[in-house]
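Some notes on the structure that comes next.
It should be emphasised that the depicted structure is a prediction, and the values quoted were computed from it without experimental measurement. Below, all heavy atoms of this structure are taken into account, side chains as well, without hydrogens, waters or symmetry copies.
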Amino acid sequence: MAGLLLAAGAGSRLGRPKALVEVGGERLVDRGVRTLREGGCEQVLVVLGAADTDVTDACAVINPDWATGLGSSVRAGIDAVPDEFDAVIVALADQPLVTPQAVQRLLEAHRQGARAAVATYHGNQRNPVLLGREHWSAVHAMAHDDVGARPFLRAYSHLVTPVECDDVASPEDIDTAEDLARLAGLLGSPSA
């Protein structure tokens with residue numbers, strides 16, 4: 001299983017690229033890579049754009065079109081997944097409360113036959129998302145502007161396995177300084 005961490009945005013509302021933001025002494029990009037690795041992904045790719053930075057224990061994928069939105073990062077990431085992987089788990093760098101346990105649950109759904117799965121929280125589809133290779137072209141075609149896999153998940157809902165994760169993770173994201181302070185507080189750590 002490959003992991004794909006989307007971390008290309010400029011963080012315009014936050015005032016700096018989210019990938020470089022530190023929570024508890026760890027950059028969000030590093031936390032996301034660690035979450036995917038500890039969750040069971042054999043290889044992790046990180047899509048970068050606004051912040052071209054070094055990543056540890058992952059392969060960097062530079063998205064030259066990052067400013068057009070999340071969709072271009074989804075496409076760049078899918079295009080970069082090595083041929084030996086037949087599925088990928090897609091996660092977002094700005095969701096530090098997503099845990100390795102949520103990733104593990106998606107992997108378990110895959111082991112039980114799911115070829116598309118999504119983490120749900122109180123019944124709502126969020127992230128991370130598991131996509132089998134046979135779905136990548138459809139996701140690629142539907143990802144545009146600031147929209148990633150959501151159109152695929154809706155159009156092909158009959159193929160998507162929901163995986164309840166609200167007891168082990170949260171999809172809350174960091175968009176503003178207030179979000180950062182609140183989530184850093186939930187993690188019991190300072191932010192920078």
If you take all heavy atoms of [X] and [Y], which pair is closest and at what distance?
{"X": "Tyr121", "Y": "Pro128", "value": "OH-CD, 4.0 Å"}
{"X": "Ala91", "Y": "Leu36", "value": "CB-CD2, 4.2 Å"}
{"X": "Leu180", "Y": "Val23", "value": "CD1-CG2, 3.8 Å"}
{"X": "Ala19", "Y": "Ala7", "value": "CB-O, 3.7 Å"}
{"X": "Gly77", "Y": "Val47", "value": "CA-CG2, 3.7 Å"}
{"X": "Ala10", "Y": "Trp66", "value": "CB-CZ3, 3.6 Å"}

[Y] and [X], any side-chain heavy atoms less than 4.5 Å apart:
{"X": "Leu97", "Y": "Leu187", "value": "yes"}
{"X": "Leu130", "Y": "Met1", "value": "yes"}
{"X": "Ile174", "Y": "Leu14", "value": "yes"}
{"X": "Leu48", "Y": "Val55", "value": "yes"}

For residues 137-155, please give each side-chain donor-acceptor pair under 3.5 Å, one per line with the distance, not counting sequence neighbours.
residue: His140; atom: NE2; partner: Asp79; partner atom: OD1; Å: 3.1
residue: His140; atom: NE2; partner: Asp79; partner atom: OD2; Å: 3.2
residue: Asp146; atom: OD1; partner: Leu70; partner atom: N; Å: 3.0

Side-chain heavy atoms under 4.5 angstrom apart, residues restricted to Ile, Leu, Val, Met, Phe, Trp, Tyr: same cluster for [X] and [Y]?
{"X": "Tyr156", "Y": "Leu106", "answer": "no"}
{"X": "Val46", "Y": "Leu28", "answer": "no"}
{"X": "Val44", "Y": "Leu107", "answer": "yes"}
{"X": "Leu159", "Y": "Val118", "answer": "yes"}
{"X": "Leu92", "Y": "Val160", "answer": "yes"}

Sequence neighbours excluded, which residues qualify as side-chain hydrogen bond (donor to acceptor under 3.5 Å, both in side chains) partners of [X]?
{"X": "Asn63", "answer": "Ser72, Ser73"}
{"X": "Ser157", "answer": "none"}
{"X": "Thr120", "answer": "Glu164"}
{"X": "Thr35", "answer": "none"}

In a check of salt bridge (Lys or Arg N to Asp or Glu O under 4.0 Å) between Asp94 and each of Lys18, Arg27, Arg13, which one passes?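 When Lys18, Arg27, Arg13 are each tested with Asp94, the salt bridge (Lys or Arg N to Asp or Glu O under 4.0 Å) holds only for Lys18.
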Excluding sequence neighbours, so at least two apart, what forms salt bridge (Lys or Arg N to Asp or Glu O under 4.0 Å) with [X]?
{"X": "Asp166", "answer": "none"}
{"X": "Arg126", "answer": "none"}
{"X": "Arg34", "answer": "Glu26, Glu38"}
{"X": "Asp167", "answer": "Arg105"}

Results of side chain to side chain contact (heavy atoms under 4.5 Å, CB included) for Pro82 - residues two or more places apart only: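 So Pro82 forms a side chain to side chain contact (heavy atoms under 4.5 Å, CB included) with Gln43, Leu45, Glu84, Phe85.
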Pairwise distance CG(Leu131) to CD1(Ile78) - rounded to 0.5 angstrom: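 It is 6.0 Å, given to the nearest 0.5 Å.
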Atom CD of Glu172 and atom CG of Leu183: how far apart are they, to the nearest 0.5 Å?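 One finds 5.5 Å between CD of Glu172 and CG of Leu183.
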For residues 109-117, which side-chain donor-acceptor pairs fall under 3.5 Å, sequence neighbours excluded?
residue: His110; atom: NE2; partner: Arg115; partner atom: NH1; Å: 3.0
residue: Arg111; atom: NH1; partner: Glu108; partner atom: OE1; Å: 3.1
residue: Gln112; atom: NE2; partner: Glu108; partner atom: OE2; Å: 2.8
residue: Arg115; atom: NE; partner: Glu134; partner atom: OE1; Å: 3.4
residue: Arg115; atom: NE; partner: Glu134; partner atom: OE2; Å: 2.9
residue: Arg115; atom: NH1; partner: Asp86; partner atom: OD2; Å: 3.1
residue: Arg115; atom: NH2; partner: Asp86; partner atom: O; Å: 3.1
residue: Arg115; atom: NH2; partner: Asp86; partner atom: OD2; Å: 3.3
residue: Arg115; atom: NH2; partner: Glu134; partner atom: OE1; Å: 2.7

Keeping to residues at least two apart or across chains, list the salt bridge (Lys or Arg N to Asp or Glu O under 4.0 Å) pairs with something in residues 44-61.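 Qualifying pairs, neighbours excluded: Arg37-Asp57.
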